[in-house]
Protein chains: 2
Amino acid sequence: MLDDAVDLFLAEGYASTSLDLVAQRSSASKRTVYAYFTDKAGLFTAAVERLHDRIAETAEQSAPLLELCTSLVETLHSDEAVALHRIVVGESTRFPELARSFYVAGPARSTQLLLAALRAAGSGPDAPGASDAERLYALLLGEPHRRRLLGLAPAPTPEDSARHAAETLRALGHLPAD
Amino acid sequence: MLDDAVDLFLAEGYASTSLDLVAQRSSASKRTVYAYFTDKAGLFTAAVERLHDRIAETAEQSAPLLELCTSLVETLHSDEAVALHRIVVGESTRFPELARSFYVAGPARSTQLLLAALRAAGSGPDAPGASDAERLYALLLGEPHRRRLLGLAPAPTPEDSARHAAETLRALGHLPAD
DNA sequence: CACTAATGGTACTTGCTCGTATCATTAACG
DNA sequence: CGTTAATGATACGAGCAAGTACCATTAGTG
């Protein structure tokens, strides 16, 4: 049921998603929706957090630097992840707590993993710091991700993602073979 | 009147902004609103584009590389620019044409200016290309800008912006003094 | 001054959606 | 089998907002 709800929220936006439609789509009844989640807001945050958990999980399954970067690029540029990012940004004014938990469990956590991988790889700057990891993360998304957010580009192929990850690491001096 | 409209749209979002309130705030009448712009959608796009023009204009007043970067950072991290970015992203599904024009007149245009400034400076890679300029732009926004989009950080001070611009140029090898 | 065009004010219609209440049905369980 | 808890279906009330219609007022023009 959360999955059906999230599909609608991602497609239609928060305001334009009616709970009648959610109930119908999920073959449940409004009564049940309100029993599980008290509010429309409650359903929204639960659905968004559930999806985010799933995405974050699949994005972080790799440990070595290049593989981790490729996985992040590929996962975060997917239709689902982009739509999630879009709606969290768009509703951040109305749901500041959701925005915060999104950032902590998303970009902030990924940045920490990147920092660990950078230190384990040890081929870039002598002592990579938090700002190095943040720059890396920002570039792994970069302008292609902004174009995705704005609906201006299709999802990259796995090859695109791998190439983008490698080029990004090279540009920041974390990979040899300039 | 567009200015009052944009204030409300940025603060409340598209769906939650009522035209009654816009009319009242701008000391106009709904009749006049519908006379100038046919739709709520028409008012929205007109207001957004007007604000974007103003922001883009002030962001691009500098030519030398470091000054241009500092100006971009400072302008694009302002409350107004961030709120604009947020709503264009959030409504990009409903207003794809607006999203496209935003990208062309915003990030795409800024990237072109950055490329020209990079070539004029000539202190970085031998022949800077479009991807170098895109990386630079992406990093000038970077994670601080994402935190701004999500409402997690206040606007940077001018000193913050100058420092961030310099550090970014250094990280990409466009400035000496590593 | 008279006339016209545009605008402010406001009431109204229509449609939609949140949240609640009611009733019937199903399924679990002793 | 019978009782109870949960759920599906549906209808309802209240509120809100887009877009329209009507009247009064202002301002510009000959």
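Quick note on labels: first sequence line is chain A, next is B, and so on, each numbered from 1.
- Spacing between atom CZ of B:Phe44 and atom C1' of D:dA17 amounts to 17 Å, rounded to whole angstrom units.
- Using a cut-off of 4.0 Å between Lys/Arg side-chain N and Asp/Glu carboxylate O, A:Arg163 and A:Asp160 are scored as salt-bridged.
- Note on A:Glu91 versus A:Arg94: salt bridge recorded, some NZ/NE/NH1/NH2 to OD/OE distance being below 4.0 Å.
- Taking atom CD on B:Gln24 and atom C1' on C:dA11, their separation rounds to 16 Å, with Å as the unit.
- We find that A:Arg148 and A:Glu143 are not joined by a salt bridge, their nearest charged nitrogen and carboxylate oxygen being 4.0 Å or further apart.
- Within a 6.0 Å sphere centred on CD of A:Glu67, other residues, nucleotides and ligands contribute more than 12 heavy atoms.
- If you measure from atom CD of A:Glu12 to atom P of C:dC16, you get 14 Å, rounded to the nearest angstrom.
- Defined by atom type and a distance below 3.5 Å, a donor-acceptor pair is missing between the side-chain atoms of A:Thr168 and B:Arg135.
- Atom CZ of A:Phe9 is separated from atom C1' of C:dT17 by 13 Å (rounded to the nearest Å).
- Judged as a ring pair (Phe, Tyr, Trp, His ring centres under 6.0 Å), and not counting sequence neighbours, the contacts of A:Tyr14 are A:Phe9, A:Phe44, A:Phe95.
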Between protein and nucleic acid, restricted to nucleotides 25-29 of chain D and to nitrogen or oxygen atoms under 3.5 Å apart, what atom pairs and distances do you find?
none

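- A:His85 is linked by a ring pair (Phe, Tyr, Trp, His ring centres under 6.0 Å) to A:Phe102, A:His145, counting only residues two or more places apart in sequence or in another chain.
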(request) Could you encode protein contacts along nucleotides 5-15 of chain D as a string, one character per nucleotide from 5' to 3', using B for base contact, S for sugar-phosphate-only contact and - for no contact, with a heavy-atom cut-off of under 4.0 Å? (result) --BBB------
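- When the P atom of C:dG19 is taken as reference, atom NZ of A:Lys40 falls 8 Å away, rounded to whole Å.
- Each end of the helix from C:dC1-D:dG30 to C:dG30-D:dC1 gets its own axis from five base pairs, and the two axes differ in direction by 10°, given to 10 degrees.
- A salt bridge between A:Arg170 and A:Glu167 is absent, with no side-chain N of the basic residue lying under 4.0 Å from a carboxylate O of the acidic one.
- Among the heavy atoms of the strands lying under 4.0 Å from B:Thr17 are primed sugar atoms or P, OP1, OP2 only; no base atom is included.
- Rounded to whole angstrom, the span from the CG atom of B:Leu19 across to the P atom of D:dC16 amounts to 16 Å.
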So which protein N/O to nucleotides 24-29 of chain C N/O distances come out below 3.5 Å?
none

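- Taking atom CG of B:Leu21 as the reference point, atom P of D:dG19 lies 16 Å away to the nearest angstrom.
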